[in-house]
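Below you'll find the structure, written out as C-alpha coordinates, and then a few comments.
Indexing begins at 1, ligand by ligand and atom by atom, following the structure's order. Numbers for residues simply follow the sequence, beginning at 1. Heavy-atom basis, side chains included; hydrogens, waters and symmetry copies ignored.
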Amino acid sequence: GRVICDVHNPDGTPFEGCPRHTLKRAIAHALDRGFDMLVGPEAEFFLFQTRQGEPTTETHDAGGYFDLTPVDRGEDVRRQIVLVLEQMGFEVRAAHHEVAAGQHEIDFRHDPALRTADHVSTFRFVVKNVAQQNGLHATFMPKPIVGVNGSGMHTHQTLLREGANAFFDAGGPWQLSETCLHYIGGLLRHARGMCAITNPLVNSYKRLVPGHEAPTYIVWSERNRSPLVRVPASRGDATQVELRMPDPSCNPYLALAVMLRAGLDGLQQRIDPGPPVNKNIFTMSHRERRHLRIDELPATLSDALDALERDEVMRDTLGEHIFQHFLAAKREEWFGFQKQVSAWELERYLKIY
Ligand code: GLU
Ligand code: MG
(Lines give C-alpha, C1' and ligand atoms only; values in the text may rest on other atoms or scores of the structure.)
(Ligands and ions follow the chains in the order given, each with its own letter.)
Protein backbone atom coordinates (compact mmCIF):
# COMPACT_ATOMS: atom_id res chain seq x y z
CA GLY A 1 0.00 0.00 0.00
CA ARG A 2 1.00 3.62 -0.32
CA VAL A 3 -0.31 6.91 0.95
CA ILE A 4 0.39 10.11 -0.96
CA CYS A 5 -0.12 13.35 0.94
CA ASP A 6 -0.23 17.07 0.42
CA VAL A 7 1.17 19.14 3.25
CA HIS A 8 -1.21 21.68 4.79
CA ASN A 9 -0.87 24.40 7.40
CA PRO A 10 -2.80 23.92 10.66
CA ASP A 11 -5.51 26.25 9.29
CA GLY A 12 -6.00 23.94 6.28
CA THR A 13 -4.38 26.17 3.66
CA PRO A 14 -1.74 24.51 1.45
CA PHE A 15 1.81 24.71 2.87
CA GLU A 16 4.05 26.79 0.59
CA GLY A 17 6.94 24.36 0.99
CA CYS A 18 4.95 21.35 -0.30
CA PRO A 19 6.42 20.22 -3.65
CA ARG A 20 3.21 18.43 -4.63
CA HIS A 21 1.33 21.66 -4.18
CA THR A 22 3.96 23.47 -6.27
CA LEU A 23 3.32 21.06 -9.13
CA LYS A 24 -0.45 21.48 -8.75
CA ARG A 25 0.04 25.23 -9.09
CA ALA A 26 2.04 24.78 -12.30
CA ILE A 27 -0.65 22.43 -13.66
CA ALA A 28 -3.34 25.02 -12.87
CA HIS A 29 -1.22 27.67 -14.62
CA ALA A 30 -1.22 25.45 -17.74
CA LEU A 31 -4.94 24.77 -17.47
CA ASP A 32 -5.66 28.51 -17.35
CA ARG A 33 -4.03 28.67 -20.76
CA GLY A 34 -6.02 25.68 -22.02
CA PHE A 35 -3.34 22.98 -21.68
CA ASP A 36 -2.87 19.65 -19.91
CA MET A 37 0.59 18.10 -19.64
CA LEU A 38 1.28 14.41 -20.29
CA VAL A 39 4.62 13.03 -19.11
CA GLY A 40 6.56 9.81 -19.59
CA PRO A 41 9.81 9.46 -17.62
CA GLU A 42 12.66 7.04 -18.42
CA ALA A 43 14.34 6.41 -15.09
CA GLU A 44 17.68 4.62 -15.13
CA PHE A 45 19.38 3.03 -12.11
CA PHE A 46 22.19 0.69 -11.09
CA LEU A 47 21.92 -2.58 -9.19
CA PHE A 48 25.03 -3.06 -7.06
CA GLN A 49 26.20 -5.90 -4.87
CA THR A 50 26.27 -5.50 -1.13
CA ARG A 51 28.94 -6.67 1.30
CA GLN A 52 27.88 -7.26 4.91
CA GLY A 53 24.78 -5.21 4.24
CA GLU A 54 26.72 -2.21 2.90
CA PRO A 55 26.40 -1.15 -0.74
CA THR A 56 29.42 -1.45 -3.06
CA THR A 57 29.81 -0.18 -6.61
CA GLU A 58 30.43 -3.70 -7.90
CA THR A 59 27.93 -4.96 -10.42
CA HIS A 60 26.84 -8.53 -10.76
CA ASP A 61 26.54 -8.74 -14.53
CA ALA A 62 28.46 -8.13 -17.71
CA GLY A 63 25.41 -6.98 -19.68
CA GLY A 64 25.13 -4.04 -22.07
CA TYR A 65 22.35 -2.23 -23.91
CA PHE A 66 19.27 -4.48 -24.23
CA ASP A 67 21.18 -7.64 -23.22
CA LEU A 68 19.17 -10.62 -22.03
CA THR A 69 19.95 -13.55 -19.76
CA PRO A 70 22.28 -15.30 -19.16
CA VAL A 71 24.57 -12.25 -19.54
CA ASP A 72 22.19 -9.95 -17.68
CA ARG A 73 22.04 -11.37 -14.18
CA GLY A 74 19.89 -8.47 -13.00
CA GLU A 75 17.04 -9.53 -15.26
CA ASP A 76 15.32 -11.56 -12.54
CA VAL A 77 15.33 -8.66 -10.13
CA ARG A 78 14.16 -6.29 -12.86
CA ARG A 79 11.28 -8.65 -13.67
CA GLN A 80 10.27 -8.78 -10.01
CA ILE A 81 10.31 -4.97 -9.90
CA VAL A 82 8.04 -4.81 -12.95
CA LEU A 83 5.60 -7.31 -11.40
CA VAL A 84 5.37 -5.29 -8.17
CA LEU A 85 4.88 -2.07 -10.15
CA GLU A 86 2.07 -3.68 -12.13
CA GLN A 87 0.39 -4.81 -8.92
CA MET A 88 0.49 -1.16 -7.86
CA GLY A 89 -1.32 -0.02 -10.99
CA PHE A 90 1.62 0.93 -13.20
CA GLU A 91 1.47 0.25 -16.91
CA VAL A 92 5.11 -0.60 -17.64
CA ARG A 93 6.02 0.19 -21.25
CA ALA A 94 9.61 -1.05 -21.33
CA ALA A 95 12.15 -2.61 -19.03
CA HIS A 96 15.63 -3.29 -20.29
CA HIS A 97 19.30 -3.45 -19.52
CA GLU A 98 21.05 -0.11 -20.05
CA VAL A 99 24.47 0.59 -21.53
CA ALA A 100 26.62 0.14 -18.40
CA ALA A 101 27.15 -3.14 -16.55
CA GLY A 102 24.53 -3.41 -13.80
CA GLN A 103 22.49 -0.52 -15.24
CA HIS A 104 18.77 -0.78 -15.98
CA GLU A 105 15.86 1.26 -17.26
CA ILE A 106 12.14 0.89 -16.67
CA ASP A 107 9.66 3.16 -18.49
CA PHE A 108 6.02 3.58 -17.69
CA ARG A 109 3.03 5.00 -19.51
CA HIS A 110 2.66 8.70 -20.29
CA ASP A 111 0.20 10.10 -17.78
CA PRO A 112 -0.92 13.49 -16.49
CA ALA A 113 1.92 15.29 -14.70
CA LEU A 114 0.74 14.85 -11.11
CA ARG A 115 0.14 11.14 -11.53
CA THR A 116 3.56 10.73 -13.14
CA ALA A 117 5.28 12.55 -10.27
CA ASP A 118 3.49 10.26 -7.78
CA HIS A 119 4.60 7.31 -9.90
CA VAL A 120 8.26 8.35 -9.90
CA SER A 121 8.26 8.57 -6.09
CA THR A 122 6.61 5.17 -5.75
CA PHE A 123 8.89 3.73 -8.43
CA ARG A 124 12.09 4.62 -6.58
CA PHE A 125 10.72 3.10 -3.40
CA VAL A 126 9.72 -0.15 -5.16
CA VAL A 127 13.04 -0.49 -6.99
CA LYS A 128 15.05 -0.04 -3.79
CA ASN A 129 12.90 -2.45 -1.80
CA VAL A 130 12.83 -5.27 -4.35
CA ALA A 131 16.60 -4.92 -4.83
CA GLN A 132 17.13 -5.12 -1.08
CA GLN A 133 14.98 -8.25 -0.81
CA ASN A 134 17.40 -9.77 -3.31
CA GLY A 135 20.49 -8.70 -1.41
CA LEU A 136 21.31 -5.92 -3.89
CA HIS A 137 21.51 -2.16 -3.58
CA ALA A 138 19.62 -0.08 -6.15
CA THR A 139 20.83 3.46 -6.65
CA PHE A 140 19.50 6.46 -8.55
CA MET A 141 22.73 8.34 -7.90
CA PRO A 142 23.39 10.04 -11.26
CA LYS A 143 27.04 9.05 -11.74
CA PRO A 144 28.20 6.27 -9.42
CA ILE A 145 31.10 5.03 -11.58
CA VAL A 146 33.78 7.09 -13.31
CA GLY A 147 34.14 6.53 -17.04
CA VAL A 148 30.87 4.72 -17.81
CA ASN A 149 27.32 5.99 -18.47
CA GLY A 150 25.48 7.65 -15.63
CA SER A 151 21.77 7.39 -14.90
CA GLY A 152 19.38 9.89 -16.44
CA MET A 153 15.66 10.42 -16.30
CA HIS A 154 14.83 11.56 -19.80
CA THR A 155 11.41 13.16 -19.61
CA HIS A 156 9.01 12.88 -22.56
CA GLN A 157 6.39 15.60 -22.52
CA THR A 158 3.33 16.61 -24.51
CA LEU A 159 0.72 19.32 -24.15
CA LEU A 160 -2.93 18.49 -24.85
CA ARG A 161 -5.48 21.10 -25.87
CA GLU A 162 -9.06 19.86 -25.36
CA GLY A 163 -7.74 16.34 -25.26
CA ALA A 164 -5.86 16.59 -28.58
CA ASN A 165 -2.09 16.60 -29.04
CA ALA A 166 -1.10 20.28 -29.31
CA PHE A 167 2.43 19.53 -30.58
CA PHE A 168 1.39 17.95 -33.89
CA ASP A 169 0.69 19.95 -37.02
CA ALA A 170 0.68 17.95 -40.26
CA GLY A 171 1.47 21.15 -42.22
CA GLY A 172 4.08 22.59 -39.84
CA PRO A 173 7.88 22.39 -40.15
CA TRP A 174 8.93 18.83 -39.20
CA GLN A 175 5.15 18.34 -38.70
CA LEU A 176 5.47 20.22 -35.43
CA SER A 177 3.05 22.94 -34.32
CA GLU A 178 4.04 26.46 -33.37
CA THR A 179 3.05 25.52 -29.81
CA CYS A 180 5.59 22.69 -29.87
CA LEU A 181 8.39 24.89 -31.23
CA HIS A 182 7.72 27.62 -28.67
CA TYR A 183 7.58 25.00 -25.89
CA ILE A 184 11.01 23.77 -27.00
CA GLY A 185 12.16 27.40 -27.09
CA GLY A 186 11.07 27.76 -23.45
CA LEU A 187 12.83 24.56 -22.37
CA LEU A 188 16.05 25.77 -24.01
CA ARG A 189 15.78 29.33 -22.63
CA HIS A 190 15.29 28.10 -19.05
CA ALA A 191 17.57 25.04 -19.24
CA ARG A 192 20.28 26.67 -17.15
CA GLY A 193 17.82 28.16 -14.70
CA MET A 194 15.97 24.90 -14.04
CA CYS A 195 19.01 22.61 -14.01
CA ALA A 196 19.54 22.83 -10.23
CA ILE A 197 16.02 21.41 -9.80
CA THR A 198 16.19 18.68 -12.46
CA ASN A 199 19.82 17.82 -11.53
CA PRO A 200 20.07 18.65 -7.84
CA LEU A 201 23.22 16.90 -6.58
CA VAL A 202 26.92 17.75 -6.70
CA ASN A 203 27.22 14.37 -8.40
CA SER A 204 24.56 15.24 -11.05
CA TYR A 205 27.14 17.38 -12.87
CA LYS A 206 29.60 14.48 -13.14
CA ARG A 207 27.01 12.86 -15.43
CA LEU A 208 26.56 15.94 -17.66
CA VAL A 209 29.90 15.54 -19.45
CA PRO A 210 30.58 14.59 -23.07
CA GLY A 211 30.97 10.97 -24.07
CA HIS A 212 28.33 9.09 -22.09
CA GLU A 213 25.05 9.92 -23.86
CA ALA A 214 24.14 12.66 -21.41
CA PRO A 215 23.55 16.17 -22.79
CA THR A 216 25.80 19.17 -22.23
CA TYR A 217 24.78 21.55 -25.06
CA ILE A 218 21.59 23.59 -25.10
CA VAL A 219 20.13 22.77 -28.53
CA TRP A 220 17.33 20.68 -29.94
CA SER A 221 17.19 18.11 -32.69
CA GLU A 222 14.59 16.04 -34.47
CA ARG A 223 17.20 13.39 -35.17
CA ASN A 224 20.37 13.26 -33.13
CA ARG A 225 20.50 12.12 -29.50
CA SER A 226 23.31 14.31 -28.23
CA PRO A 227 21.25 17.52 -27.83
CA LEU A 228 19.32 18.56 -24.77
CA VAL A 229 15.90 18.33 -26.41
CA ARG A 230 15.10 15.59 -28.86
CA VAL A 231 11.85 15.20 -30.79
CA PRO A 232 11.34 11.45 -31.32
CA ALA A 233 10.15 10.39 -34.78
CA SER A 234 6.51 9.52 -33.90
CA ARG A 235 3.90 12.07 -34.95
CA GLY A 236 0.12 12.43 -34.64
CA ASP A 237 -1.13 11.72 -31.11
CA ALA A 238 2.33 10.47 -30.14
CA THR A 239 4.12 13.77 -30.92
CA GLN A 240 6.27 14.64 -27.92
CA VAL A 241 9.49 16.31 -26.88
CA GLU A 242 12.12 14.60 -24.77
CA LEU A 243 14.20 16.63 -22.33
CA ARG A 244 17.37 14.67 -21.68
CA MET A 245 19.11 16.39 -18.78
CA PRO A 246 16.98 15.46 -15.74
CA ASP A 247 18.36 12.72 -13.53
CA PRO A 248 16.45 10.36 -11.24
CA SER A 249 17.74 11.97 -8.03
CA CYS A 250 15.46 14.97 -8.61
CA ASN A 251 12.30 15.75 -6.71
CA PRO A 252 9.81 14.74 -9.43
CA TYR A 253 7.16 17.25 -8.32
CA LEU A 254 9.51 20.21 -8.53
CA ALA A 255 11.20 18.90 -11.68
CA LEU A 256 7.92 18.55 -13.60
CA ALA A 257 6.75 21.95 -12.33
CA VAL A 258 9.87 23.73 -13.65
CA MET A 259 9.81 21.91 -17.01
CA LEU A 260 6.14 22.75 -17.55
CA ARG A 261 6.54 26.41 -16.60
CA ALA A 262 9.67 26.73 -18.77
CA GLY A 263 7.74 25.39 -21.77
CA LEU A 264 4.71 27.60 -21.06
CA ASP A 265 6.96 30.65 -20.84
CA GLY A 266 8.16 29.70 -24.32
CA LEU A 267 4.52 29.81 -25.49
CA GLN A 268 3.80 33.09 -23.79
CA GLN A 269 6.94 34.79 -25.12
CA ARG A 270 6.79 32.99 -28.47
CA ILE A 271 10.40 31.87 -28.06
CA ASP A 272 11.97 30.64 -31.29
CA PRO A 273 14.07 27.52 -30.51
CA GLY A 274 16.27 28.21 -33.55
CA PRO A 275 17.06 25.56 -36.13
CA PRO A 276 17.50 21.94 -35.03
CA VAL A 277 21.10 20.77 -34.80
CA ASN A 278 21.25 17.37 -36.41
CA LYS A 279 25.02 16.97 -36.31
CA ASN A 280 26.84 15.32 -33.45
CA ILE A 281 27.72 18.39 -31.37
CA PHE A 282 30.38 16.51 -29.43
CA THR A 283 32.48 16.17 -32.57
CA MET A 284 32.22 19.89 -33.46
CA SER A 285 35.10 22.20 -32.71
CA HIS A 286 34.76 24.88 -30.06
CA ARG A 287 34.80 27.44 -32.86
CA GLU A 288 32.00 25.75 -34.79
CA ARG A 289 29.88 25.67 -31.62
CA ARG A 290 30.57 29.35 -30.98
CA HIS A 291 29.57 30.17 -34.54
CA LEU A 292 26.23 28.38 -34.01
CA ARG A 293 25.93 30.16 -30.62
CA ILE A 294 25.52 26.87 -28.81
CA ASP A 295 25.29 27.43 -25.08
CA GLU A 296 26.18 24.84 -22.43
CA LEU A 297 24.46 23.48 -19.34
CA PRO A 298 25.94 24.52 -15.97
CA ALA A 299 29.19 22.67 -15.26
CA THR A 300 28.68 22.40 -11.50
CA LEU A 301 25.90 22.57 -8.92
CA SER A 302 27.26 25.96 -7.92
CA ASP A 303 26.87 27.35 -11.48
CA ALA A 304 23.37 25.86 -11.62
CA LEU A 305 22.39 27.57 -8.37
CA ASP A 306 23.63 30.92 -9.73
CA ALA A 307 21.51 30.39 -12.85
CA LEU A 308 18.46 29.42 -10.78
CA GLU A 309 18.85 32.51 -8.65
CA ARG A 310 18.70 34.70 -11.77
CA ASP A 311 15.66 33.02 -13.35
CA GLU A 312 12.47 34.87 -12.41
CA VAL A 313 10.16 32.30 -14.02
CA MET A 314 11.72 29.53 -11.92
CA ARG A 315 11.43 31.68 -8.83
CA ASP A 316 7.73 32.23 -9.49
CA THR A 317 7.24 28.49 -10.19
CA LEU A 318 8.85 27.37 -6.93
CA GLY A 319 7.40 30.12 -4.75
CA GLU A 320 9.51 32.16 -2.34
CA HIS A 321 9.64 29.53 0.40
CA ILE A 322 11.04 26.67 -1.71
CA PHE A 323 13.20 29.02 -3.80
CA GLN A 324 15.00 30.44 -0.73
CA HIS A 325 15.28 27.19 1.25
CA PHE A 326 16.40 25.17 -1.76
CA LEU A 327 19.15 27.67 -2.62
CA ALA A 328 20.37 27.82 0.99
CA ALA A 329 20.41 24.03 1.48
CA LYS A 330 22.10 23.39 -1.84
CA ARG A 331 24.74 26.11 -1.34
CA GLU A 332 25.62 24.37 1.91
CA GLU A 333 25.84 21.02 0.09
CA TRP A 334 28.15 22.63 -2.48
CA PHE A 335 30.47 24.11 0.16
CA GLY A 336 30.58 20.73 1.89
CA PHE A 337 31.90 19.27 -1.35
CA GLN A 338 34.18 22.13 -2.26
CA LYS A 339 36.29 21.86 0.87
CA GLN A 340 37.03 18.17 0.29
CA VAL A 341 40.34 16.97 -1.13
CA SER A 342 39.52 14.23 -3.62
CA ALA A 343 41.38 11.06 -4.59
CA TRP A 344 41.82 12.59 -8.07
CA GLU A 345 43.67 15.61 -6.64
CA LEU A 346 45.97 13.45 -4.53
CA GLU A 347 46.79 11.22 -7.45
CA ARG A 348 47.37 14.15 -9.78
CA TYR A 349 49.26 16.56 -7.50
CA LEU A 350 50.76 14.87 -4.45
CA LYS A 351 53.89 13.52 -6.12
CA ILE A 352 54.47 16.41 -8.53
CA TYR A 353 54.14 19.46 -6.28
N1 GLU B 1 22.39 6.89 -19.53
C2 GLU B 1 22.35 7.96 -20.47
C3 GLU B 1 22.18 9.31 -19.75
O4 GLU B 1 22.84 9.50 -18.82
C5 GLU B 1 21.24 7.80 -21.48
C6 GLU B 1 21.27 6.54 -22.29
C7 GLU B 1 20.06 6.48 -23.21
O8 GLU B 1 20.09 7.08 -24.28
O9 GLU B 1 19.05 5.89 -22.80
O10 GLU B 1 21.42 10.17 -20.07
MG1 MG C 1 18.02 4.99 -21.33
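- Distances between N or O atoms of S151 and those of ligand 1 include no value under 3.5 Å.
- Close approach of ligand 1 to N149 is summarised as follows: ligand atoms under 4.0 Å from at least one heavy atom of the residue are 1 (N), 2 (C).
- Of the possible donor and acceptor atoms, none in the side chain of R235 sits under 3.5 Å from a partner among the backbone N and O of L176.
- Atoms of ligand 1 found under 4.0 Å from any heavy atom of H154, numbered from 1 in the order shown, are 3 (C), 5 (C), 7 (C), 8 (O), 9 (O), 10 (O).
- For the pair T158 (side chain) and T239 (backbone), a donor-acceptor distance under 3.5 Å is present.
- When each of D76, V130, N129 is paired with I81, the side-chain contact (heavy atoms from CB on, under 4.5 Å) condition holds for V130 and for no other.
- Vertex the Mg ion (ligand 2); arms to E44 atom OE2 and E105 atom OE1; angle 100° (nearest 10°).
- There is a side-chain donor-acceptor pair under 3.5 Å between E222 and N278.
- Protein heavy atom at the shortest distance from atom 4 (O) of ligand 1 is R207 NE, 2.8 Å.
- Counted by atom type alone, D303 and Y205 present zero donor-acceptor pairs between their side chains at under 3.5 Å.
- In this structure, of E242, E44, E213, the residue bringing a heavy atom nearest to atom 1 (N) of ligand 1 is E44.
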- [ ] Dump the intermediate steps for side-chain contact (heavy atoms from CB on, under 4.5 Å) on L327 and E309, then the final yes or no.
- [x] CA-CA 8 Å; L327 282 171; E309 204 159 14; 3.9 Å; yes
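- Atoms of ligand 1 found under 4.0 Å from any heavy atom of E98, numbered from 1 in the order shown, are 6 (C), 7 (C), 9 (O).
- Shortest distance from the Mg ion (ligand 2) to E98 is reached at OE2 (N/O/S atoms only).
- Counted by atom type alone, Q103 and S151 present one or more donor-acceptor pairs between their side chains at under 3.5 Å.
- Looking at A214 next to ligand 1, no N or O pair under 3.5 Å apart turns up.
- For the ligand labelled ligand 1, residue V99 lies outside the 4.0 Å heavy-atom shell.
- Close contacts between ligand 1 and R244 involve ligand atoms 8 (O) [criterion: under 4.0 Å to a heavy atom].
- With hydrogens and angles disregarded, no donor-acceptor distance shorter than 3.5 Å links the side chain of E296 to the backbone of I218.
- Under the 4.0 angstrom criterion for non-hydrogen atoms, E42 is not in contact with ligand 1.
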